[in-house]
2 protein chains.
Amino acid sequence: MLSFAEENYLKTIYHLSEEIDGAVSTNAIAESLNTKAASVTDMIKKLSNKGILSYQKYRGVHVSESGKKAALQVIRKHRLWETFLVDKLKFNWDEVHEVAEQLEHINSALLIKRLDEFLAYPKFDPHGDPIPDENGEYKSKPQVALNHVKADTIGIIVSVKDTSNAFLKYLDKIGIYLGAKVKILEKVEFDGSLEIQIDSKKTVFISKEVSENIWISE
Amino acid sequence: MLSFAEENYLKTIYHLSEEIDGAVSTNAIAESLNTKAASVTDMIKKLSNKGILSYQKYRGVHVSESGKKAALQVIRKHRLWETFLVDKLKFNWDEVHEVAEQLEHINSALLIKRLDEFLAYPKFDPHGDPIPDENGEYKSKPQVALNHVKADTIGIIVSVKDTSNAFLKYLDKIGIYLGAKVKILEKVEFDGSLEIQIDSKKTVFISKEVSENIWISE
DNA sequence: TATGATTTTTAGATATATCTAAAAATATTT
DNA sequence: AAATATTTTTAGATATATCTAAAAATCATA
């Protein structure tokens, strides 16, 4: 049984480990969780004593097999709750994150089983991310970031990597949403900014930073 | 902002204060929460410093006006979640309590507003207890315990006071559920036990202890 | 009403999760 | 490779929520 805090560390470390190949560093974890490196070291020791992480002093951590399983269950809960909030309670996608961060720690196998059933076994959450099943299995949509595709590419927005409120509000404002059809009209070479067309209608300019966070399926 | 532990103490103390007229004693709280008197004293001090309780050493506590308001909001959340679990997720009424104990501490005004809306503004939870509104207002069904009515009385079961799993399972087993129609067939004077008929069909015997926990609306 | 029983509080510990400041190890640069 | 910079860990504090054991206050009753 993991505590609230342990689950949060595990989930964050798991996400970080997906993004890089080697070990996850203490500082990266601290930054992700808005905490201090010393606190991270303490928690890392705890989780590695529980067999959730493998850890070598000064060398960062890897998530163990049992850790991955546990992390995927927390992610499963998070994404099922986000789906519930958007599909059933009519939340906007920029309103779900904080609430799901709390709900993901509710401990009841029956609750999650019934919630999954109630939602008709969704495979992707409102941000387009896959929902792992009870065994931690999931399939991803093949995705690519907007900054990695060339002009004239057409695709559907399937995922948004930055889920901060500020970013999601910005996307709402310029008319970008999950499932929208986008076409790259022009790619400005020197700064990587893009002119894109949404749903064959509206045309907007986005910076390279923004384009890195919008992923499409071609 | 109250912590998880503070909310649990407040809710318990509020419920105890409803049952008696005077101050709520340290020991009663400790027993209710399965904790020690020393721990209760510590928490009582904290809550009275926050203006949630009024407290005189060795004299027990009273819940302040702001405490009542806060307690009713926790109770509102608990009962809305129980309603959700039974109505939407098909939980049995003996399965909801532990999960609702966790869910009641989720902090999001929007979530509760939308959940209330989603459930079509229920006025009573699956155990027949009233659900306070955003202002803490509620109306009770006029209720009486089965041991206080005389033979031949007919009523609808509106509330069950003991919500332990063991008790609810027992009720399920003998065919008693919320909303069932009951008729008192016979009242045994010397031990207070009852013979009752459920839904004009099944006849069962219940002890006085059990009858004290089953409340009907005539 | 005094004395013993019970309840409540205090004092001091423990466990979790955090922090700051200093020390140790590793990485980078000249 | 030595000096410097950065990262990570350790040592020691703090805050919350709990506990046990002993002291203090209140209650019950002979």
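Lettering of chains follows the sequences in order, A, B, ..., and the numbering in each one begins at 1.
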Short side-chain N/O contact to [N] OP1/OP2 from [X], under 4.0 Å:
X	N	value
A:T35	C:dC19	yes
A:K36	C:dT18	no
B:N27	C:dT8	yes
B:S39	D:dT18	no

Here the residues of residues 17-26 of chain A within 4.0 Å heavy-atom distance, strictly under, of DNA chain D are A:S25, A:T26
Applying salt bridge (Lys or Arg N to Asp or Glu O under 4.0 Å) to A:K77 and not counting sequence neighbours gives none
Sequence neighbours excluded, the answer for ring-ring contact (aromatic ring centres under 6.0 Å, His included) partners of B:F4 is B:H105
Sorted by chain and residue number, the ring-ring contact (aromatic ring centres under 6.0 Å, His included) partners of A:F84 (sequence neighbours excluded) come out as A:W81, B:F84
Sequence neighbours excluded - side chain to side chain donor-acceptor pair (under 3.5 Å) pairs with any residue from [range]:
range	value
residues 119-139 of chain B	B:E82-B:H127, B:D129-B:S159
residues 59-69 of chain B	B:S64-B:S66
residues 17-43 of chain B	none

Those residues at least two apart in sequence (or on a different chain) that pass side-chain contact (heavy atoms from CB on, under 4.5 Å) with B:N49 are none
Given protein heavy atoms under 4.0 Å, the one-letter contact record of nucleotides 21-27 of chain C, with B base, S sugar-phosphate only and - none, is simply ---BSSS
